[in-house]
Amino acid sequence: MKTLSNLFRFPAIAAICLLLLPAAAQEDRVSLISGTEGMDNFTIVGDANWSTDTSSVWADEGSGASWLVTRDSYGDFVLHVEFWASHDANSGIYLRCQDRDNITDRNCYEANIFDQRPDPSFGTGAIVHIASVDEPRPTVGDNWNVYHITLRGDHLLVQLNNETTVDVRDSQFAEGPIALQWGRGTIRFRNVWVQPLD
């Protein structure tokens, strides 16, 4: 009986450990946007009509580009962003920005959301000026999509809808806030979280 009891005990302990591991990993995540919640995690740069509806944070007009800029700065991290972009949208996820009041694709890494970019090599899925995307180039218009981005040191990894679009090394920027852009069209964000890495 003692031997039989030990056989059953190990799988039970293993199962408990497996259940606890994902929860422990999730404890490090910082929720930035959850449905309509999270606008207070950002400052707004520009004058787009950032707002909330029943399930997301969104914008669809402004006099020029506008960003939601995180109040905190991040160095090494994993970023998860769910977004919906109209087919004509110009948007992007800006990373390690160097000047929170003057966001550009030259002082941040920008994971682009821009299906109609004149130079499509740096369109959706690319990091503008750093890493182009190969053909067939991804498009995301009029659908919900997921960016999963990992920045660790000089290693930049971008996954769009579970496909790797960028895997490159670049050491220009080590730390800074994250910014979500509206440039034109309609952009919606939901379920945005960041997990700092040691």
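For clarity, every value in this text was computed on a predicted model and none was experimentally measured.
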*Indicate if Val146 and Leu151 have the same hydrophobic cluster label, given that clusters are the connected sets of ILVMFWY residues with side-chain heavy-atom separations under 4.5 angstrom.*
no
*OG1 of Thr124 to CG of Leu160: how many Å apart, nearest 0.5 Å?*
7.5 Å
*Could you tell me whether the side chains of Thr70 and Asp72 share a donor-acceptor contact shorter than 3.5 Å?*
no
*Do you see a donor-acceptor pair shorter than 3.5 Å between the side chains of Asp105 and His129?*
yes
*Can a donor-acceptor pair be found between the side chains of Asp115 and Thr139 at a distance below 3.5 Å?*
no
*May I have the step-by-step check of side chain to side chain contact (heavy atoms under 4.5 Å, CB included) for Val158 and Thr164, ending in yes or no?*
CA-CA 6 Å; Val158 176; Thr164 298; over 6 Å; no
*asked:* Can you confirm whether Tyr147 sits close enough to Asn161 that some side-chain heavy atom of one is under 4.5 Å from a side-chain heavy atom of the other?
replied: no
*Atom OG of Ser132 and atom CG of Asn112: how far apart are they, to the nearest 0.5 Å?*
12.0 Å
*Can you see which heavy atom on Ala126 is nearest to which on Val133, and at what distance?*
N-CG1, 3.4 Å
_For the CD1 atom of Ile113 and the CG atom of Asn145, what is their distance to the nearest 0.5 Å?_
8.0 Å
*Can Val128 and Ile130 be said to form a side chain to side chain contact (heavy atoms under 4.5 Å, CB included), step by step?*
CA-CA 5 Å; Val128 180; Ile130 303 294; over 6 Å; no
_Asp167 side chain to Leu157 backbone, donor-acceptor under 3.5 Å_ = no
_Shortest non-hydrogen contact between Gly125 and Thr165, atoms and distance_ = O-OG1, 2.7 Å
*Begin from the C-alpha positions of Tyr94 and Asn107 and carry the test side chain to side chain contact (heavy atoms under 4.5 Å, CB included) through to its verdict.*
CA-CA 9 Å; Tyr94 289 68; Asn107 66 10; 6.0 Å; no
_Closest approach of Phe114 to Pro118 (non-hydrogen atoms, all atoms of both residues)_ = CZ-CD, 4.3 Å
*asked:* Hydrophobic clustering (ILVMFWY, side-chain heavy atoms < 4.5 Å, transitive) - are Val81 and Met39 grouped together?
replied: yes
*Tell me, with the steps shown, if Ser86 and Asp88 meet side-chain hydrogen bond (donor to acceptor under 3.5 Å, both in side chains).*
CA-CA 5 Å; Ser86 60; Asp88 61 340; 2.7 Å; yes
*Spell out, yes or no, whether Tyr74 and Val166 are grouped together once hydrophobic residues are joined by side-chain heavy atoms under 4.5 Å, including indirect joins.*
yes
*asked:* Tell me whether Asn162 at atom CG has more than 12 heavy atoms from other residues, nucleotides or ligands lying less than 6.0 Å away.
replied: no
*Can you name the salt bridge (Lys or Arg N to Asp or Glu O under 4.0 Å) partners of Arg190, sequence neighbours left out?*
Glu82
*Are Leu95 and Phe77 side-chain neighbours, meaning at least one heavy-atom pair lies under 4.5 Å?*
yes
*Give the ring-plane orientation class for Trp193 versus His80, where under 30° counts as parallel, over 60° as perpendicular and anything between as tilted.*
parallel
*asked:* Can you give me the closest heavy-atom contact between Arg137 and Pro120, atom names plus distance?
replied: CD-O, 3.1 Å
*Will you find, in the side chains of Thr186 and Trp58, an N or O donor that is under 3.5 Å from an N or O acceptor?*
no
*Any chance you could measure Arg184, atom CZ, to Asn90, atom CG, to the nearest 0.5 Å?*
6.0 Å
_In this structure, would Val30 and Leu180 fall into the same cluster of hydrophobic residues linked by side-chain contacts under 4.5 Å?_
yes
*Under 3.5 Å donor-acceptor, Thr150 side chain and Val78 backbone*: no
*Would you check if the side chain of Asn143 reaches a backbone N or O of Gly141 as a donor-acceptor pair within less than 3.5 Å?*
yes
*asked:* Could you check whether any side-chain N or O of Asn49 sits under 3.5 Å from a backbone N or O of Asp60, counting only pairs where one atom can act as donor and the other as acceptor?
replied: yes
_N/O donor-acceptor pair under 3.5 Å between Arg29 side chain and Val194 backbone_ = no
*Nearest heavy-atom neighbours spanning Trp182 and Gly62*: CH2-N, 3.2 Å
_Pairwise side-chain contact, Thr36 with Val57, heavy-atom cut-off 4.5 Å (strictly under)_ = no
*Gln172-Arg106 side chain donor-acceptor pair, cut-off 3.5 Å*: no
*Of all heavy-atom pairs between Ile33 and Phe42, which one has the smallest distance, and what is that distance?*
CG1-CE1, 3.7 Å
*For residues Ser66 and Ile44, determine if any side-chain heavy atom of one lies less than 4.5 Å from a side-chain heavy atom of the other.*
yes
_Let me confirm one number: the CG-CD1 distance from Leu68 to Ile103, rounded to the nearest 0.5 Å._
11.0 Å
*CZ of Phe189 to OG of Ser56: how many Å apart, nearest 0.5 Å?*
10.0 Å
*Hey, is the main chain of Arg96 close enough, under 3.5 Å, to the side chain of Gln98 for a donor-acceptor pair?*
yes
*Without swapping roles, check the side chain of Asp76 against the backbone of Gly153 for a donor-acceptor pair under 3.5 Å.*
yes
_side chain to side chain contact (heavy atoms under 4.5 Å, CB included) between Tyr109 and Ile178, intermediate numbers included_ = CA-CA 9 Å; Tyr109 295 119; Ile178 295 165; over 6 Å; no
_Single-linkage hydrophobic cluster, 4.5 Å side-chain cutoff, Trp84 and Val140 together_ = no
